[in-house]
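Report on the following structure.
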Amino acid sequence: MEKIANKVRETARLALANGEVNKILGWKKGDFWYDSYPAFITEEEGTASLIWDSFCVANLSKYLIEQLKEDIKVGVFLKGCDARAFNQLLKDNRVDRDKVVIYGLPCPGMIDPEKVKKAGLAKGLLDVQKSEDEVVFITKEGEQKFSAREFAYDKCLTCQYPNPVVYDELLAEEVERNNTTEYFYQDVEEIEKMSPDERFAYWVEQFSKCIRCNACRNVCPACSCEKCIFDNSKANVAGKAKVDSEEQFFHIVRAYHVAGRCVDCGECSRVCPVGIPLAKLNRKIIKDITEFYGEHNAGVNPSLDAPLETFKLEDIDPFETRAKGGK
Amino acid sequence: MKVLKKEKFPQIWQAINQAYELYLPIEKDDRVNFAQWTEGETVNLEALKTEISPKDVIFPQSETYLKFESDGKKLQLESVESENREYVLFGVRSCDAVSFNLIDNVFLREPIDRLYEKRRNKGTIVSLACSEPEENCFCSSFQIKPEEASPGVDVAAWDLGDKILWKPVTEKGQVLTQKFAQLMEDASQQDQEELIKLQNAIKEKVKELPLASVDPKVIKGELKEIFESKVWDELSQSCLGCGACTYICPTCHCYDIQDFAGGNCGERFRCWDSCMFSEFTLMAHGNPRTTQKQRFRQRFMHKLVYYPNNHGSYACVGCGRCIEKCPVNMNIVKVIKRLGGEG
Amino acid sequence: MSLENKQISSENTSNFKPLIVAFCCNWCSYAGADLAGTSRLNYPANVKIIKVPCSCRVNPNFVLRAFQRGADGVVIAGCHPGDCHYTSGNYYTRRRFTLMKNLLEYVGLEPERFKVDWISAGEGNKFAAVMNEALEQVHKLGPNRKLRDARWKR
Amino acid sequence: MSCSCHGHVDPLVPKIAVIEHIRKDTPDVTTFRVVNPAGGKSFTSLPGQCAMISVPPIGEAMFSITSSPTEENFLELSIKKCGIVTEYLHGLEVGSEIGIRGPYGNNFPVNDELKGKDLLFIAGGIGLAPLRSVINYIMDKRDDYGKVDIVYGARTPDDLVHKEDIFNNWPNRLATNVFLTVDRECEGWDGHVGFVPQYIKELGLDTNKVVLICGPPIMIKFVLQGLEEIGFKKEQIYTTFELRMKCGVGKCGRCNIGDKYVCKDGPVFRLDEIQRLPDEY
């Protein structure tokens, strides 16, 4: 990855130097091995601090909404899921393609620091490096090697689009789509198999952890409304009480609102500070859409209609209970 | 000073639970958080910090304090008394224990928040020293001593391997200790020596922590100067505007008041709110903070400048939760360093 | 088959009067309800009808809010596909609520509590039948507790 | 029932007040007179203080008390329709019960800095509401204060509030001048036309006075500029603020300007106090 990181820095430096863009959105490294965080760079010298490593998980595309309010041209580094997110923002008319230069980064999968901590490997950890399918943990005492899959984010394990679906320049060779080991709808089917009461109990327990921080919503590239209904006191839906029904309301509406627009980036689950598996709601909708209206991968091809934007006369009709007619 | 053997834990949980509500760090789905103990729960006192701070025990995420009913022009208001029993909060780390005092400064100054006061008075707090501080801890930056009993706790405890050392510090702590004294033994000379050894070891570990050098005093200048710093533009760019940091934070205490309507009756509750949210300061005729930069600045100015001006101490205890939980790895340490001129 | 006359054996539901909220499209289903009324067809009084300009006006929030604040069952009734007054509204309804219904069941709601059906202005019979059936099924299930707000009082 | 008279009841719990009288001042401003159900004032207050009005299940909002503390039998609040709470309030009738709690905030220093001084009141639109409590207080203790000048402007003559006071009561008092202005020429209006800041300059007032200002932010901004040009010092000028408030007691954390809470440390600030605070209001 270090080779590509050099290319990231060089690309950014050149783009700023020759005036191709006014600002670069990339990642920088902070105090800790897992601390790769969004960087906004306008000066050529600043590009030296850019990085590309296994913790560049933050999706930079949603920042474009805010950044493009200024009349500038922005260069942005996007991974596979980030690129789908970008396309979705494009489709929702939230960004202007002409004002963005996309540097695509084929993504080998990101490492989940929580999994590293859980495995007891975080203590004294100085650096984590990834090569091919291996991940190397470096401490003062030495190095330890593991299979990268063991520490990948859950969302990366079922990733279908590691390669950017939209870019102006691709900074590395495409990686192989490697997604068959974990079955895509496994989690959803496990829940579907339960009885209604079991499902209810499962979700009530999950939702009851919710602290209403809105991280899932704010990180979501499909949640880009100018004003969210949950922020609108006049809409009279923004109950913040810690009661089951408010939590259910929030999470059902959140998931449903992105139906057909969810790019399956899994960021909602990743950022949830209390570990609610939110993507399982979104995946359920994706599964139903695929089953009823055919496969639709939001953000892959923004020229296609989203499933809820359109209809077909011959759509399945699960509702008709009696033949038409009669008085 | 007493000693409580860990093998007695199940017994003492049961015993405390008879007389009090008992809150402990409880493990569920691999995550440890303070929750009310019931038989069969997995207690995890080894995990250094709970995912969310224990502030919701003293300041619940939402609480109803008023019921109302209207009938034509008539309106009835009834204040709701909390029915909570006395409770014991066991296993609070020094940082979190200090955070309670910081919230006290606000809620217990005139006019006293009676809901809070009542709940606070019902609690007996048992702290547990941090034998193994973690790499994102920086409580020492705020003069907090994780090896000692923090001011305000009722009982201080230290983990000595197969037992904990138990030292009542307040009257409430004495009462608690006396109630369950039959489950404890007196601490021996050797225990005392072990404690000193442990405390010294903790001190050493704290010194070695990667964030040990973080010092909020690097932020200098007049309020307005800091407020107008260019740094805010830069730092706030990555902020998503979610409230994760504020809700997991042990010192954040802003709240909202809302009504729940059900026909002609309903209830009024207060609930946590976050200055990071876009509608936090929204009024019918405008909003003084329309950008995320302003909201982001408010949060850190409050912790690092406004609160210290009003109460004489920083409103951060260095627990490091925001370092762990911010979706984009923005946190108060980065803010302090940057405001201090670093980076 | 009106429920008021029906003997219910199950103990815990014996005093239970279910509340059904029915969102009816102005052009077909509401007229169907009218016809059911003028034809003196028996349909239960505890169906509360909310008239909407088109079935696709029903925001999923409405359905959730109804369940939160007292509904034991919710029905959305619109024109038959192909007959929408606005040409295509109900085709959208069909897609939206196919997904919504599945999602609600996924989080644990009993399928019988939420229905969508197509009822034309001429189908007074069908209106009565759909409502009676909805009520009967909900009655069997008992009061809705799952999405109900615990603070709500009838 | 609520019993807010006891000290142990939470400050957030309102008590009942009855709307005794409603007066429509302008198309969107109404003055409500409220009393205890058993008669009498809900609480005593000082000029410039506020009350939190509750209309469940809509919510609460903070309003300045517009009646003078010397008014013994009731509180008055002039309320402009601009949000969900105020809209609901405007729909209420005489006899309707609402919740009230307070008084909140500090007050204009009527017993200290203002005593014996010449006073200049500058108000725009609904901004007269908080100043009226001071003006009427001073009118009732007329001998304790010097000359009083009141400059009040609104968009149109229809938008002038408390017409009885501005046209009849105040101008007829000793050593009291009322200067009215409206933004645009209007049929039936033969008074001054123009914005408040300009009018102040035209009036050529001497600067040996204490100034009290309330009005829309834009007016305040230009008035302050104008006053400084004429030669007023920041120490002579008081203004009152309004920000989003929930608790009213300095705890919920949203009405702060820098390290000051408007509900607790304000709403009345002297201009030199504001100067060290950030420009975020």
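All chains are named by letter (A, B, ...) in the order of the sequence lines, taking the proteins before the strands, and each is independently numbered beginning at 1.
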Side chains of D:Lys251 and B:Arg109 in contact at under 4.5 Å (non-hydrogen atoms): yes
Side chain / backbone / both / neither for D:Tyr104 at chain B, heavy atoms under 4.5 Å: neither
Residues of residues 18-36 of chain D near chain B, each having a heavy atom less than 4.5 Å away: none
B:Leu223, part contacting chain D, at a heavy-atom distance under 4.5 Å: side chain
Proximity breakdown for B:Arg299 and chain D, heavy-atom pairs closer than 4.5 Å: neither
Max heavy-atom pair count under 4.5 Å with chain B, selected residue of D:Leu277, D:Ile98, D:Leu92, D:Val85: D:Leu277
Region of B:Asn287 that comes under 4.5 Å of a non-hydrogen atom in chain D: neither
Residue selection (most heavy-atom pairs with chain D, distance under 4.5 Å) from B:Gln298, B:Glu267, B:Gln258: B:Gln298
From CA spacing to verdict: side-chain contact (heavy atoms from CB on, under 4.5 Å), D:Ile16, B:Leu75: CA-CA 7 Å; D:Ile16 299 274; B:Leu75 175 68; 4.0 Å; yes
Contact check, side chains of D:Pro278 and B:Tyr306, non-hydrogen atoms, under 4.5 Å: yes
Most chain D-contacting option - heavy-atom pairs closer than 4.5 Å, from B:Gln294, B:Lys74, B:Met301: B:Lys74
D:Arg254 side chain to B:Thr281 backbone, donor-acceptor under 3.5 Å: no
Structural part of D:Cys255 lying under 4.5 Å from a heavy atom of chain B: neither
Residue pair B:Leu77 / D:Gly99: nearest heavy atoms and the distance that separates them: CD1-CA, 4.2 Å
Can you list, pair by pair, the side-chain donor-acceptor contacts under 3.5 Å of residues 47-58 of chain D, counting residues two or more places apart and other chains?
{"from": "D:Gln49", "atom 1": "OE1", "to": "D:Leu46", "atom 2": "N", "distance (Å)": "2.8"}
{"from": "D:Gln49", "atom 1": "NE2", "to": "D:Gly105", "atom 2": "O", "distance (Å)": "2.7"}
{"from": "D:Ser54", "atom 1": "OG", "to": "B:Arg268", "atom 2": "NH1", "distance (Å)": "2.6"}
{"from": "D:Ser54", "atom 1": "OG", "to": "B:Arg268", "atom 2": "NH2", "distance (Å)": "3.4"}
{"from": "D:Ser54", "atom 1": "OG", "to": "D:Glu60", "atom 2": "OE2", "distance (Å)": "2.8"}

Residue part contacting chain D, namely of B:Ile112, when any heavy atom lies under 4.5 Å: backbone
B:Asp273 vs D:Cys252 side-chain heavy atoms within contact, under 4.5 Å: no
Region of B:Asp256 that comes under 4.5 Å of a non-hydrogen atom in chain D: both
Pairwise distance CE(D:Met245) to CD1(B:Ile257) - rounded to 0.5 angstrom: 12.5 Å
B:Glu171 atom CD, neighbour heavy-atom count above 12 within 6.0 Å: no
Electrostatic pair B:Lys73-D:Glu93, nearest N-O below 4.0 angstrom: yes
Best-contacting candidate, D:Thr86, D:Asn256, D:Ile257, against chain B by heavy atom pairs under 4.5 angstrom: D:Asn256
Heavy-atom pair count under 4.5 Å with chain D, highest-scoring of B:Val80, B:Asn310, B:Val305, B:Asn264: B:Asn310
Contacting moiety of D:Lys264, where chain B heavy atoms sit under 4.5 Å: side chain
Contacting moiety of B:Glu225, where chain D heavy atoms sit under 4.5 Å: neither
Between CD on residue B:Gln76 and CD on residue D:Glu97, distance to nearest 0.5 Å: 9.0 Å
Side chain proximity check, D:Asp10 to B:Glu117, heavy atoms < 4.5 angstrom: no
Over 12 non-hydrogen atoms of neighbours within 6.0 angstrom of CZ in D:Arg276: yes
Interface residue of largest heavy-atom contact number with chain D, from B:Phe68, B:Tyr307, B:Phe280, B:Phe227, under 4.5 Å: B:Phe280
D:Phe43 atom CZ: more than 12 heavy-atom contacts under 6.0 Å: yes
